[in-house]
Amino acid sequence: MMKPAGPTPVPFHTPHRAPGQADYVMQALRHGHLRPGGPFSRKTEAWLAAYTGAESVVLTHSCTAAMEIAALALGLGAGDEVIVPTFTFCATATAFERTGARIVFCDIDPATMMMDPDDLERRISDRTKVIVVTHYGGASANMEAIGVIADKRSIHIVEDAAQGFGSTRNGCALGTFGTFGAFSFHETKVVSCGQGGALIVNTDDPALLERVSSIVERGTDHARVKLGVKSFYEWTGPGSSFLLGELEAAILLAEFEALQENLASRTHIASMMIHGLEEAALPLAVIGADGQTKSNFHFIPVLAESTVTATHLKLHLKRNGIDSRQHYVPLHLSPRAREMNYGPAKLPAAEQAWGRLLRLPVHTGMRDEDITAFLASLEAWRITGCSKQGIGEDAAQRRSIRSA
Ligand SMILES: *Cc1c(COP(=O)(O)O)cnc(C)c1O
């Protein structure tokens with residue numbers, strides 16, 4: 001039986017695959033050093049160090065692991081507070097919470113869906129040790145304003161740049177503004193090796209560098225043995241197994257070498273889509289771009305005038321074969337936040353915005369005809385009056401979360 005003819009499906013994401021990957025993986029299999037720290041790991045790390053200009057970089061198995069290293073290295077524990085934007089992935093909080101520190105949520109600026117510096121100021125107490133900043137959708141948070149607030153009180157900044165690899169702010173790579181930055185190379189991201197990440201260390205404080213080295217050596221001084229200054233290693237502190245394997249590092253090196261083509265392709269696709277969105281005079285705004293960021297266009301976030309409109313557009317695009325997605329339920333509304341009594345109870349900007357947000361797909365698997373189809377379906381939506389019908393389960397679910 002033939003499938004009925006219909007619009008070409010545009011998935012939300014397809015991972016970029018650099019052509020050199022298979023060759024590098026075969027080379028790694030041949031040299032046979034597959035644990036972390038092999039020849040590809042060293043080359044991939046050197047590439048990343050040169051790209052970021054950071055003091056030191058560590059390849060990890062995930063962005064979450066990179067943030068966990070940061071949390072341990074900063075010596076967080078019970079009695080400390082960590083400020084986290086409420087509109088982010090839960091790993092931004094869990095990586096710090098597991099040290100025993102208390103999470104304090106901060107509201108967002110709906111123009112960017114990122115940390116609102118004015119609200120940040122209100123959340124600071126004398127227990128605040130770290131501010132975690134999430135860069136959203138390939139754009140960047142207001143690092144100048146947040147930097148001033150943090151510097152005044154000597155509070156560390158950690159950047160969750162899971163979505164920001166390849167993006168820059170005023171010419172500097174995201175992940176290089178805080179004491180630490182963390183990238184994700186998970187399959188759902190702009191650059192991926194299946195599962196991977198990196199910690200970017202932007203400090204020359206010898207004590208912190210030493211702690212990072214001991215933490216990633218599973219809490220030992222093994223690094224000294226490798227340097228030949230000691231003949232045996234000992235248990236020295238907290239740590240875990242956080243590093244990236246050699247095969248993933250080989251895949252990642254091929255991806256790094258293809259980064260500019262990957263970004264150019266995404267920029268081409270996203271520019272056409274954003275241009276179409278802005279021309280169409282729809283009841284929604286493209287958010288995130290503030291003129292200081294050069295985005296990797298992880299996806300295009302749009303904020304609709306209402307939850308109903310966002311839900312309706314999502315269903316309309318789906319009928320036209322285009323997959324779009326909503327995003328995070330603000331973390332301060334989560335069961336975990338309620339269980340732990342994490343404050344504050346209300347963050348109005350995030351509560352009003354999250355249900356109106358829709359993410360539109362951008363990936364290198366999209367062809368010009370997919371973009372034409374996307375623009376045509378936006379036009380059809382506009383002509384039919386961006387109909388307000390179509391409130392489905394999603395809206396009902398949101399209402400129940402809001403009233404909980
Ligand atoms: C994907 C993502 C993470 C988690 O990355 P992993 O590499 O899967 O640990 C953390 N924070 C944000 C904002 C993300 O988008």
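Residue numbers count from 1 along this sequence. Just so you know, ligand 1 is whichever comes first in the structure, and atom 1 is the first atom listed for that ligand.
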Report each N/O pair between ligand 1 and the protein that falls under 3.5 Å, naming both atoms.
{"unit_1": "ligand 1", "atom_1": "5 (O)", "unit_2": "Ser184", "atom_2": "OG", "d": "3.4"}
{"unit_1": "ligand 1", "atom_1": "7 (O)", "unit_2": "Cys63", "atom_2": "N", "d": "2.9"}
{"unit_1": "ligand 1", "atom_1": "7 (O)", "unit_2": "Ser184", "atom_2": "OG", "d": "2.7"}
{"unit_1": "ligand 1", "atom_1": "9 (O)", "unit_2": "Cys63", "atom_2": "N", "d": "3.3"}
{"unit_1": "ligand 1", "atom_1": "9 (O)", "unit_2": "Thr64", "atom_2": "N", "d": "2.9"}
{"unit_1": "ligand 1", "atom_1": "9 (O)", "unit_2": "Thr64", "atom_2": "OG1", "d": "2.5"}
{"unit_1": "ligand 1", "atom_1": "11 (N)", "unit_2": "Asp160", "atom_2": "OD1", "d": "3.3"}
{"unit_1": "ligand 1", "atom_1": "11 (N)", "unit_2": "Asp160", "atom_2": "OD2", "d": "2.7"}
{"unit_1": "ligand 1", "atom_1": "15 (O)", "unit_2": "Gln163", "atom_2": "NE2", "d": "2.9"}
{"unit_1": "ligand 1", "atom_1": "15 (O)", "unit_2": "Lys189", "atom_2": "NZ", "d": "3.0"}

In this structure, is the centre-to-centre distance between the rings of Tyr51 and Phe256 below 6.0 Å?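 No: the rings miss the under 6.0 Å criterion.
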Report, one line per pair, each donor and acceptor closer than 3.5 Å where one atom sits in a side chain of residues 236-244; sequence neighbours left out.
{"unit_1": "Thr236", "atom_1": "OG1", "unit_2": "Ser214", "atom_2": "OG", "d": "3.1"}
{"unit_1": "Thr236", "atom_1": "OG1", "unit_2": "Gly219", "atom_2": "O", "d": "3.4"}

Pairs satisfying side chain to side chain donor-acceptor pair (under 3.5 Å), at least one member in residues 61-87, at least two apart: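 Passing the test, one end in residues 61-87: Glu68-Arg98, Asp80-Lys129, Glu81-Ser125, Glu81-Arg127, Thr86-His332.
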Within residues 39-50 or reaching into it, pairs that qualify as side chain to side chain donor-acceptor pair (under 3.5 Å) - sequence neighbours excluded: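 As it turns out, the side chain to side chain donor-acceptor pair (under 3.5 Å) pairs with a partner in residues 39-50, which skip direct neighbours, are Ser41-Glu246.
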Salt bridge check: are Glu234 and Arg224 linked by an N-O gap of less than 4.0 Å?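 No, this pair does not count.
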If you measure from the Lys or Arg side-chain nitrogens to the Asp or Glu carboxylate oxygens, is any gap between Arg153 and Glu121 under 4.0 Å?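 A salt bridge is present here (some side-chain N lies under 4.0 Å from a carboxylate O).
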